[in-house]
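As structure tokens, the structure follows; a few thoughts come after it.
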Amino acid sequence: MKISFQKKIGDPSLGILFFWKMSVVTRSPMTIAEHFIPEPFFDYLFIQKGRVYCVADEAEGKFVLPRQSLRTLHTRPVKLSFSTPLVLFGARFALGFAESFSGEIQANCFLKQDWVKRDANDLESFASQVTEYVRAQRSPKSPYPMLLPNFEESDWLVNFSTRHKRRLYQAAFGLSRKELQNIRNVHVFLEQACDFSSRNPRIIEHVTPDVFYDQPHLNHSFKKMTGLAPVEYFQNSSILQDNLMSASYNEVLPAVNKIGV
Amino acid sequence: MKYAKSKNDIVNEYIGDLNDEIAPLFLEIRACVLAAGPAFNESIKWKNCLVYGTTKNHIQTVVGKGKVSLIFFDGISLNDKYGLLEGDGSKARTMRITSLDFNKTALKDYVKQTLKNEK
């Protein structure tokens with residue numbers, strides 16, 4: 001199996017963090033499973049070749065992802081499976097993107113979209129079409145961004161009632177502030193460079209007291225959100241999400257939400 | 001720095017960002033792992049660990065001060081005839097490398113065994 005992953009920096013003023021292209025080639029057609037955990041980002045997916053199946057939960061069963069879709073914020077893990085050969089393009093968006101997205105946002109779903117009209121044979125062409133679409137369609141839902149780059153709430157919301165704020169969050173992100181914070185907390189832990197080899201510090205050394213009171217608190221939140229214990233997660237292989245997360249952590253997290261609305 | 005570019009842009013960026021003190025050692029180890037295990041795909045996981053894997057993760061590279069550690073996730077299954085694997089956990093074993101004259105034969109043997117055990 002040969003995997004290639006290309007990346008191109010996006011346009012932060014539109015909330016586009018980066019574009020990517022992943023190709024997977026195998027000697028014979030096969031299916032690769034991927035355990036996708038919740039992340040504080042939106043992803044646009046364009047399947048150029050191959051198929052992507054999604055197993056959301058037992059009730060919904062397995063379904064084929066549309067050729068173009070927008071992955072909204074998830075509060076629970078999603079199992080994806082890729083059929084090879086696979087060529088997948090994508091764009092990763094900051095949370096702030098949702099505040100200027102013209103359509104309705106619901107959590108835990110893949111919204112069918114049609115942003116790429118012409119054949120996208122390379123990353124450049126895909127990126128230009130997505131940028132063009134996002135620029136043309138953006139329509140801010142509020143006068144200023146709701147969240148600051150450090151994930152704190154903007155000052156302009158200070159006098160809003162709890163109920164009003166809950167509605168604003170739900171309308172913009174499809175989730176409550178608390179659910180967003182829970183996702184963020186798990187990623188504060190994952191952003192660290194953890195080394196679980198023998199004779200090295202164990203998980204307890206990586207628990208951030210400001211976020212998780214102690215290790216059981218971390219384990220509980222982590223398992224609830226990802227479906228795996230921290231150590232299980234660290235040994236779990238992922239061909240797509242690992243790359244997306246690395247790119248997000250290493251480059252774009254400080255820029256999250258820095259969008260000119 | 002001259003090295004065989006990865007098919008993964010993020011890996012290339014990661015290597016480009018390594019500091020000059022550790023980069024030669026890191027690249028020598030990477031070349032050795034990829035020579036013994038051409039089937040491996042490289043990716044960066046958990047912010048700054050290079051991981052070699054096929055359909056599952058097998059080896060994690062952790063860069064420390066003046067050393068590079070290779071964590072074999074299923075190290076318990078390796079026949080350690082060189083005695084270079086550390087650890088007493090239930091699964092993982094670690095090979096710590098501190099200088100450029102490390103035992104390349106041993107590393108290649110561990111990598112080949114890792115791939116063989118997967119089948």
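The chains referred to below are lettered A, B, ... by the order of the sequence lines, with proteins before strands, and numbering in each begins at 1.
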For [X], does the [atom1] atom sit with more than 12 other heavy atoms under 6.0 Å from it, leaving out its own atoms?
X: Asn19(B); atom1: CG; answer: yes
X: Gln181(A); atom1: CD; answer: yes
X: Lys224(A); atom1: NZ; answer: no

*Pick one of side chain, backbone, both or neither for Met22(A), based on which atoms fall under 4.5 Å of a heavy atom in chain B.*
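Contact with chain B involves no heavy atom of Met22(A) at all.
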
_Residue part contacting chain B, namely of Ile32(A), when any heavy atom lies under 4.5 Å_ =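 Neither part; nothing is under 4.5 Å.
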
*Write down the atom of Asn243(A), the atom of Ile10(B), and the distance for their closest heavy-atom approach.*
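Closest heavy-atom pair between Asn243(A) and Ile10(B): O-CD1, 3.1 Å.
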
*Exercise: identify the closest heavy-atom pair between Met1(A) and Asn41(B)*: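 For Met1(A) versus Asn41(B), the nearest heavy atoms are O-ND2, 3.0 Å.
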
*asked:* Applying side-chain contact (heavy atoms from CB on, under 4.5 Å) to Ile3(A) and Asn8(B), what does each step give before you reach the verdict?
replied: CA-CA 8 Å; Ile3(A) 303 169; Asn8(B) 188 325; over 6 Å; no

*Nearest-0.5 Å distance, OG of residue Ser43(B) to CG of residue Leu244(A)*: 11.0 Å

*What do the steps show when you test Lys7(A) against Glu13(B) for side-chain contact (heavy atoms from CB on, under 4.5 Å), and what is the final call?*
CA-CA 10 Å; Lys7(A) 193 185 78 170; Glu13(B) 285 173 18; 3.0 Å; yes

